[in-house]
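A short write-up of the structure that comes next.
Letters go in sequence order (proteins before strands), and every chain restarts at 1.
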Amino acid sequence: MKKRHLITAALPYANGPIHIGHLAGCYLPADIYTRFLKATGEEVLFICGTDEHGVAIELKARKENTTPQAVVDKYYEVIRDSFKDFGIDFSHFSRTSRPIHHETAQAFFKKLYDEGRFKEIETEQYFDEEAGQFLADRYIIGTCPKCGHDHAYGDQCEKCGSSLSPDELIKPHSALSGKAPVKRKTKNWFLPMDEMAEAPGFKEYAKRVELWKTNVKGQFNSWIQQGLQPRSMTRDLKWGIPVPVAGAEGKVLYVWFDAPIGYISATREYFEGLGQPEAWKTWWQDPSSSLVHFIGKDNIVFHTIIFPMILNEHGGYNLPDQVPANEFLNLEGDKLSTSRNWAIWLHEYLIDFPDKQDELRYTLTSIAPETKDSDFTWKDYQSRVNSELVAILGNFVNRVMVLTHKFFEGMVPGNKLKPDTAARAAVLDAIRANQDEVAGYQHEMIRSLNDFRFREAQATMMNMARAGNRFLAETEPWKLHKTDAAATAVILDYALQLCAQLALACEPFLPFTKGKLLQQLQWEPDTATRRQWWREQDAVFPLEAGHQLGQPFLLFQNIEDAAMDAQRARLVKPTPVEENTKPEYTPLKPEITYDDFVKLDLRVGQVIAAEKVVGADKLLQLTIDLGFEQRTVVSGIAMHFAPEEIVGGKVTLLANLAPRKLRGIMSQGMILMAENKDGKLLFVAPNGSADNGGTIS
RNA sequence: GGCGAGGUAGCUCAGUUGGUUAGAGCGUAGGAUUCAUAACCCUAAGGUCACGAGUUCAAUUCUCGUCCUCGCUACCA
């Protein structure tokens, strides 16, 4: 065991919020492991932050008509708060747009550059002249040469599944401007990974990979055996960290170069905040520190090959000791998808299930995709909560608390009993047997945690509560109390000590429950007690005779069917990929004459009042000012706009449309709306200061 | 296309360095019980271990092939 443990969790990409798949695959295991190590008294640092660069964020900003900075600012906060709410206990949560990260990443690049580690290679890349930038393969669209699908991407055709290069596409055009891209020469800096794989430091590191999880080892070996190719560490993009080299204007660092370095800059930032600007080096460079990366399976190659290679070439850094990558979590049988909104978002979950963080943590850990993809269903969630958390753990604690209050006024009754009758000897035997059983689980759980088998560890923790329930069934203190109060006292004393151990045991998995349990026990374990239990693996019986317990309350509540039905109803079945990504243009209508057009009386209007139409989901009742008069217009835009956000806005009104009653309200005209491909409505309005009532032609 | 991982009870998952009856939790059925959120506790039923072939005295486990799921894919090997 090394002296200190640096734990990282994959930097979440700041183009959307966090969903249960992220939590189950990466952040929860990392948090459990960190909490476990801390409980044993180890020195631990748990580092994370948002990854805020790259082409996807640039495109999202463009699509939403805002800036990349605004996008990342928004999601940085959402993501940070989600983690906080779920008790993901980072030592520090940073972001890659901070100056300290830019400096760190640039310094890294500069050192490798100055030492001649990169290869400068000139290639031809597709360039969008109108957008003024180079295009990633994914952003070139054209007709698939194999199946004729007219919306194939430059890297792959989603319809027939064939892999493509942009050159193969028929009629290629840019996803940004729609124009045909041209080829331009550009210079980039490549990491000669084939050569670097032969470096002694890397070869030494490769040996330890043999001991890692099969999925990780498999991919690692696959890449090494196939032979590595040089890979560009710079990109022709705008949004990112400028390449700190002369002649590299307009180029940024490849996100996969800069993102892992984010672990380092976040560590630096953390210690600078503590006023110890040099302390980060101990964690990254002292060989007595271990480095563990928690990631999802999509990140294996970067964390097991590219980043270690960069660290090794830079020199002076520790290479990872473990990369326990998980597989993926599905939701109700389908892949999670941010773009298709097939997900359970953490911030939304807490609105519907306030104070039920541990219920989700428990479910996700019990189905964590440790060896293969797994599936989250609301039915399963309900079952885990009701028949495990409520029935086993919550119920055991409640039974013990209620019995103690009933028989001993809520005081720890003490454990002194002589085996002076056969019945009493049997009670003491039962306690001893149960102690042995629980100690077995304790050792097993700690073993599992050390081996990154968190699902198994959590199940073993629950076995302790099961043992508690069995103990009560065997000793039946509610019966015995009528004949032997002294024997009943020792039974409940032991059961309470078991509750205290459960509070210790559930800490990595269920931190909120741990707090509730301690509150009921009116007990706060000191570091030595925790450490003794977790490290030396001795059972501890910390509650002293006469100690006054708190009032019992339920740790968990049953989840009703109705709540699950509501959640399932909320999930929108994802549409097939091609339907969603292919822009569908409505066919043109038959030709009309100018005379047809002039029949329309279009006017500039202004919304001066808006309210929801009672009993209608989609309708807003608007009052439109036309200068010379005010109109009441009922418009089907309530799903897209809140009344208060549109008051004051200019609109285009079709003013001579025959009035029509909608939901009992006479609507005098129609508001013109544009619809984008996501089905979102946008107002069509004059872009200057047009007067209300002005004509439009 | 290539490579990697996976396909084991109704569900979620363990496991097998090849060897008699393949495990757990949940769900289901039966029993027992009433301190406890009709919860707990005990018992039982449930599986040609994706499919086909091969090696072997013996294959769910090793080899090859096929099908399916997921991930990665650097002009793709």
Under the ring-ring contact (aromatic ring centres under 6.0 Å, His included) test against F118(A), which residue among F190(A), Y254(A), F109(A), Y113(A) passes?
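Answer after filtering F190(A), Y254(A), F109(A), Y113(A): F109(A).
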Using a 4.0 Å heavy-atom cut-off across all strands, classify [X] as base, sugar-phosphate, or nothing.
X: F220(A); result: nothing
X: K406(A); result: sugar-phosphate
X: Q225(A); result: nothing
X: L228(A); result: base
X: K479(A); result: sugar-phosphate

Rounded to whole angstroms, how far apart are CH2 on W212(A) and P on A5(B)?
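Atom-to-atom, W212(A) to A5(B), this comes out as 16 Å.
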Nearest-Å distance once atom P is located in both U28(B) and A39(B):
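Looking at atom P only, U28(B) and A39(B) are 9 Å apart.
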Among A36(B), G25(B), C3(B), which nucleotide sits nearest the side chain of R399(A)?
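So the side chain of R399(A) is nearest to A36(B).
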Minimum-distance nucleotide to V402(A) side chain [options: C26(B), C35(B), A39(B)]:
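The nucleotide sitting nearest to the side chain is C35(B).
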Quick one: do the T186(A) and K251(A) side chains pair a donor with an acceptor below 3.5 Å?
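K251(A) and T186(A) do have a side-chain donor-acceptor pair below 3.5 Å.
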By nearest heavy atom, map F407(A) and Q229(A) onto RNA chain B; which one lands nearer the 5' end?
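Residue closer to the 5' terminus by nearest nucleotide: F407(A).
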Quick check on RNA chain B: between E476(A) and R384(A), whose nearest nucleotide comes earlier from the 5' end?
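Here R384(A) is the residue nearer the 5' end.
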Where the side chain of D484(A) meets the backbone of A486(A), is there a donor-acceptor pair that is under 3.5 Å apart?
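Present.
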Compare side-chain N and O positions of S387(A) against OP1 and OP2 of G27(B) and report whether any pair is under 4.0 Å apart.
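Checking S387(A) against G27(B): at least one side-chain N or O falls below 4.0 Å of OP1 or OP2.
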Phosphate OP1/OP2 of A5(B) contacted by K297(A) side-chain N/O (<4.0 Å):
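For K297(A), the contact criterion (side-chain N or O under 4.0 Å from OP1 or OP2 of A5(B)) is not met.
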So is K183(A) actually on top of Y126(A)'s ring, under 6.0 Å and inside 45° of the axis?
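Pair K183(A)/Y126(A) counts as cation-pi.
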Any N/O donor-acceptor pair, D375(A) side-chain to U12(B) base, under 3.5 Å:
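Between U12(B) and D375(A), which were checked side chain against base, a qualifying N/O pair under 3.5 Å is absent.
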